[in-house]
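Here the structure is laid out as structure tokens; the discussion comes afterwards.
Naming: A, B, ... by sequence-line order, numbering from 1 per chain.
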Amino acid sequence: MTLNKEMNKTTNNRLLKMSSEYKQASFTTIISFLLTLVLALNSFGFGTQAAKPAVLAVTIAYAAFTVLQLWITRRIRHDVLTADTLQKSTRRFGWVLLLSGLTANFFMVSFAFNLIKTKKTPEYVFAVYMVMVQLFIVAVSALNLFKPYVADLFPLGMLVLLSVAFFYLIVLVLMARFVDEHAADKRLIWIAIPLILTAATGNLFALLLSVSLLLKIRRQKQPGISQWNLIWTKITRNTTAMLGMFFIVFVFAISVSSYLTFDYDLAIANNFAVLLQPPSLAYPLGTDDFGRDMFSRIVFGARISLIVGVLSTAIPFIVGGMLGALSGYYGRRTDNVIMRLLDILYAVPGILLAIAIIAAFGANTVNLIIALSVGAIPTYARTMRANVLMVSNLEYVDSARALGSGDMEILFKHIVPNSLAPMIVKATLTIGGAVIATSSLSYLGLGVEPHIPEWGNILKIGSTYLESHSYLAIFPGLAIIALVLSFNFLGDGLRDALDPKMD
Amino acid sequence: MKKTIVPALLALALVLSGCINTKSDVSEDTATDGVSNGDKPVIEILSMSSNETDVNIVRDQLTRNGFDVELNLQPDYGSFTAQKDAGNFDVAVSSWTTVTGNPDYAVRALFKSDGANSIMADEEIDELIDLASTQAPEEHAATYQELEQLLVLDRAYIAPLYISYKTQGFNKDVLKEDSVRLSKSRALAWEPIDFVDESKRESDPFIVSQAISSLTSLDPIKGNDGSINQLNTNMYVRLVNLTDDDELTAEASLSHAFAIAEGNSDYYFVLRDDINFAAIEEDQAIDTGERVGADDVVFSLDRASNPDSVPDHRTYSLHEHIDSTEVVTDIATLESAVTAADDTTVLEALEAELDTDIAELVEEKMDADNAAGKYQVVKMTTTEPFPQVLNYLAHQSAGIVSKKQVERINTYDVESYDVNTDVAYGDQNTVTEGSSYDNHLYASGPYILSKKNDYEATFLKNPAYMADTENAAKISNVTVRFIADPDSTLSALRNGEIHLYYGIPETKYDVVEEDSKLALQSMESNGVSYMLFNTEGREVAESEELRKAVLYSIDQEEFINYYQGNKIKAVSTVSPLVDTGNELVADPAKVEEFLANYQNSKE
């Protein structure tokens with residue numbers, strides 16, 4: 001009897017674990033519940049001893065959806081345990097959950113899209129995230145309407161963003177209808193091309209989707225699944241990786257579209273009439289001690305954080321990668337000289353080196369990027385060297401050599417491309433570190449100039465008002481945490497997808 | 001379908017743009033900045049990063065008025081000075097505190113051609129400074145008004161930012177509220193401070209904070225900065241003191257009384273006989289038995305007014321007006337001299353303040369016995385009539401040191417002094433814990449420094465400082481905790497780690513006020529923040545128009561706003577000391593005009 005029960009429990013657990021819908025459903029329930037709690041805490045003003053009606057309304061909406069979500073989760077559980085697949089009627093509730101998009105509950109919308117469609121191709125998932133990113137950008141940009149004035153390009157920018165969003169919605173429907181696991185309708189090529197163009201608004205999901213689509217259309221007749229498709233199928237099934245990617249793409253896209261929809265003056269010009277205002281509609285994240293809009297500052301700060309993060313990863317990636325490849329391929333003395341020199345560099349603590357470089361050459365963005373790059377070169381070189389050592393012993397390299405290929409051709413055509421996977425994973429994981437390093441240096445007054453909106457700078461001001469105006473530190477802090485966490489999630493997802501042992 | 005979408009969206013955009021204000025809609029009137037032709041002039045602001053907020057406000061104001069602004073932020077005072085000396089700036093954010101409380105000090109070192117901190121040379125300004133220094137307070141207001149007009153408003157050698165408040169917060173659960181003084185110019189006097197629980201006077205230290213842990217020198221004349229002003233003030237007694245509102249007083253000083261003789265050139269001081277030097281022996285403050293007397297006063301003032309008395313004499317410019325100092329042994333000298341104030345003799349003026357009349361003047365300090373009418377009197381003569389000299393004597397650099405001890409330590413030859421081998425009196429290494437520790441200090445004040453490290457300095461009470469009078473130090477031990485960061489210092493004050501924090505940041509007043517165990521004291525200070533224009537090799541050095549364009553871009557109201565009302569308008573470093581009636585009003589129209597003139601003159 002007990003044994004039977006125990007066995008049953010194990011089987012049930014396994015069944016539930018196998019269902020991606022159930023996993024995501026419980027995750028979404030927990031997150032939504034936590035969000036509801038945070039909102040509930042904020043809906044009561046402890047200073048005024050009165051409830052805030054606006055926040056209270058949002059809280060109720062969140063609570064309602066959370067209850068619905070909980071109910072759907074139980075239904076899914078029931079379905080999985082009894083029939084091993086979800087009933088059509090359960091999936092239909094996904095449409096109801098879509099409404100939670102009005103409350104900007106990203107997790108729930110993402111789950112809803114997942115629930116609605118039975119067979120999810122990477123293209124469908126890309127399209128879903130592409131639409132969500134676009135809608136978020138439109139919503140965030142639209143908040144500027146409450147400001148005393150908006151940027152000159154704002155109406156044009158909003159028009160572009162809105163029409164792109166509309167176009168994306170159409171694309172989403174098309175993806176759901178005309179693309180399956182192996183084939184895509186040939187006429188979709190006319191969608192793919194404008195899609196690439198819209199990626200100029202910064203929505204990288206559009207780029208991914210169109211590349212994916214073009215590849216699928218081209219490979220129509222060939223049997224089997226392409227490498228690209230295989231990798232992305234794995235990543236798109238990984239909710240946390242997609243979550244990370246969503247935030248990264250969102251931050252990137254908002255940085256790009258902020259050129260149109262945000263006014264830089266609000267982020268750097270002092271306005272002594274509105275010092276240290278708490279969050280309001282005109283200033284969604286409040287204003288700092290110079291009366292600058294925190295919301296605009298954080299949006300513009302994303303630009304610097306991303307640029308510095310990406311560039312200070314790309315430079316050691318390329319330089320370190322080259323040195324590591326040469327060192328691993330030629331071995332012997334070349335290896336010894338390069339690696340020992342890099343060992344010396346490695347012996348100097350990275351942040352100390354960065355501080356020294358900045359102290360010597362002055363604090364500005366270019367020096368900051370160089371300072372953060374130099375210290376990271378040795379680790380990239382080591383990673384690359386190890387991969388090259390392994391790959392260059394494989395048979396196909398020998399055969400290339402037997403066929404008379406030159407050293408450079410073998411190295412860069414045959415070895416390096418096959419050694420890149422661990423480097424890419426490493427790079428994704430270290431971008432997060434670079435973002436933190438940038439913010440730390442700015443926090444210490446060694447990064448970019450103090451009035452430039454950069455997350456570390458914003459946090460620095462916030463830190464002096466931690467007690468009286470804590471939101472000044474909380475929002476930039478959250479932004480840094482979210483971006484770093486996102487890169488880490490994406491890196492983990494990439495590692496799982498690129499690692500052949502995980503198959 | 002698409003055919004209907006595009007017009008619909010366009011219509012939407014039209015509606016959108018119709019009912020919202022774009023930037024150019026609202027800023028039409030401000031869109032035209034002063035410069036119509038030519039490039040925007042570039043202004044490089046040099047500052048320490050601790051003044052980041054001031055720099056940001058200035059940067060914003062200059063940008064709005066049509067300048068391009070570059071920032072040169074340096075992390076510490078050393079690199080700031082290096083950049084300043086190298087001339088890498090158009091304007092340097094500077095500050096000046098007139099610790100002596102007299103207007104001459106506020107301008108002499110800064111703006112006179114031969115001033116110690118001066119980078120400018122303007123004959124008219126030199127003349128005005130010299131003229132004002134010889135005048136009595138009633139007359140000099142007009143001269144300083146003229147000086148300000150010329151220095152700031154007409155020629156724009158500096159652009160003033162604000163006057164600060166002097167603010168201290170202390171733990172009123174620990175310290176007696178009425179025993180903690182806040183003085184306008186004078187550094188914090190420790191000796192009157194007392195614990196609420198008087199039984200703790202012997203056992204517990206009074207803990208105060210200081211930002212700088214590296215002490216310039218404990219020889220009074222070899223330093224004049226934030227690292228030692230408070231410490232030396234409490235370690236060396238002076239001939240006179242300043243009251244909380246900068247009046248001269250003999251109270252709690254080495255003299256019972258002082259008098260100015262007719263002509264404003266001769267000054268008489270009658271000395272007390274109840275102060276002995278203290279020294280440190282085996283971590284205890286002991287009475288050396290050596291009295292602080294006239295020979296020490298003569299020695300101290302002579303070396304203060306002699307630029308070659310020590311290497312690195314940092315306060316000569318304060319004391320260059322002292323011509324000679326001597327011990328008066330003939331009582332007839334006092335009887336024949338008439339005071340400047342009225343027709344009484346100096347003797348009468350001095351005796352008016354004494355319990356026992358002067359019966360005899362003695363040469364040897366150990367012979368003095370005030371109760372028996374045996375006094376020591378010192379006469380000081382200035383190079384020219386200079387009533388403000390008394391303010392300089394109240395400054396810590398005029399602290400009285402022991403002739404015997406300083407001569408015993410300073411055996412080196414000043415010309416060939418080598419900082420690595422020669423030990424100078426007051427060298428901080430001799431009081432720093434470790435192998436070089438060899439405390440040779442002789443303190444004439446209420447406290448003596450026992451030892452220090454990078455974390456704190458320990459002071460002990462001088463047992464022979466006016467013992468059994470109300471001026472004797474109340475608390476036996478004082479600990480000076482070195483905390484560089486203002487926010488950390490404030491936390492230390494709030495969690496009881498320190499008892500008193502001098503210089504609370506303006507934006508943190510409410511935090512102190514809300515804390516029930518803390519008290520906040522605040523008064524207008526003599527500290528002025530201003531921007532100094534470069535005088536060599538830059539456009540601003542050549543063009544008065546450009547300087548004035550910068551000057552009139554400065555809106556001091558915005559500074560006051562930022563600091564939540566806790567700053568005061570300033571015109572020059574004299575502003576807190578003399579009411580000149582001048583005011584600097586920001587004027588974008590003038591900026592536009594000056595900039596246009598500047599651009600034209602360039603073509």
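Residue-level contacts of residues 280-293 of chain A with chain B, in order of numbering, are A/D289, A/F290, A/R292; threshold 4.5 Å between heavy atoms. Residues of residues 500-509 of chain B placed with any heavy atom under 4.5 Å of a heavy atom in chain A are listed by number as B/T507, B/K508. Of residues 558-567 of chain B, those residues with a non-hydrogen atom less than 4.5 Å from any non-hydrogen atom of chain A are, in numerical order, B/E558, B/N561, B/Y562, B/Q564.
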Could you go through B/R59 and A/E449, starting from their C-alpha distance and side-chain angles, then the distance that decides it, and tell me whether this counts as salt bridge (charged side-chain N to carboxylate O under 4.0 Å, His left out)? CA-CA 12 Å; B/R59 177 199 60 75; A/E449 291 176 330; over 6 Å; no
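Most heavy-atom pairs under 4.5 Å with chain A: of the set B/Q74, B/Q61, B/R494, this distinction falls to B/R494.
Look at B/E557 and B/K569 and you find a salt bridge, because one of the NZ, NE, NH1 or NH2 atoms lies within 4.0 Å of a carboxylate O, short of that distance.
Heavy-atom contacts from other residues, nucleotides or ligands closer than 6.0 Å to OH of A/Y264 number more than 12. Summarising the local packing, CG of B/N495 is surrounded by more than 12 heavy atoms from other residues, nucleotides or ligands at distances under 6.0 Å.
Classification of the A/F475-A/Y471 ring pair by plane angle, with boundaries at 30° and 60°, yields tilted.
Each of A/L135, A/L156, A/N203, A/I137 was evaluated against A/L161; a single residue qualifies, A/I137, per the side chain to side chain contact (heavy atoms under 4.5 Å, CB included) test. Checked against A/L153 for a side chain to side chain contact (heavy atoms under 4.5 Å, CB included), the options A/V160, A/L260, A/D263, A/T261 give a single hit: A/L260.
With sequence neighbours excluded, the residues forming a side chain to side chain contact (heavy atoms under 4.5 Å, CB included) with B/N171 are B/D173, B/V174, B/K517, B/L518, listed by chain and number.
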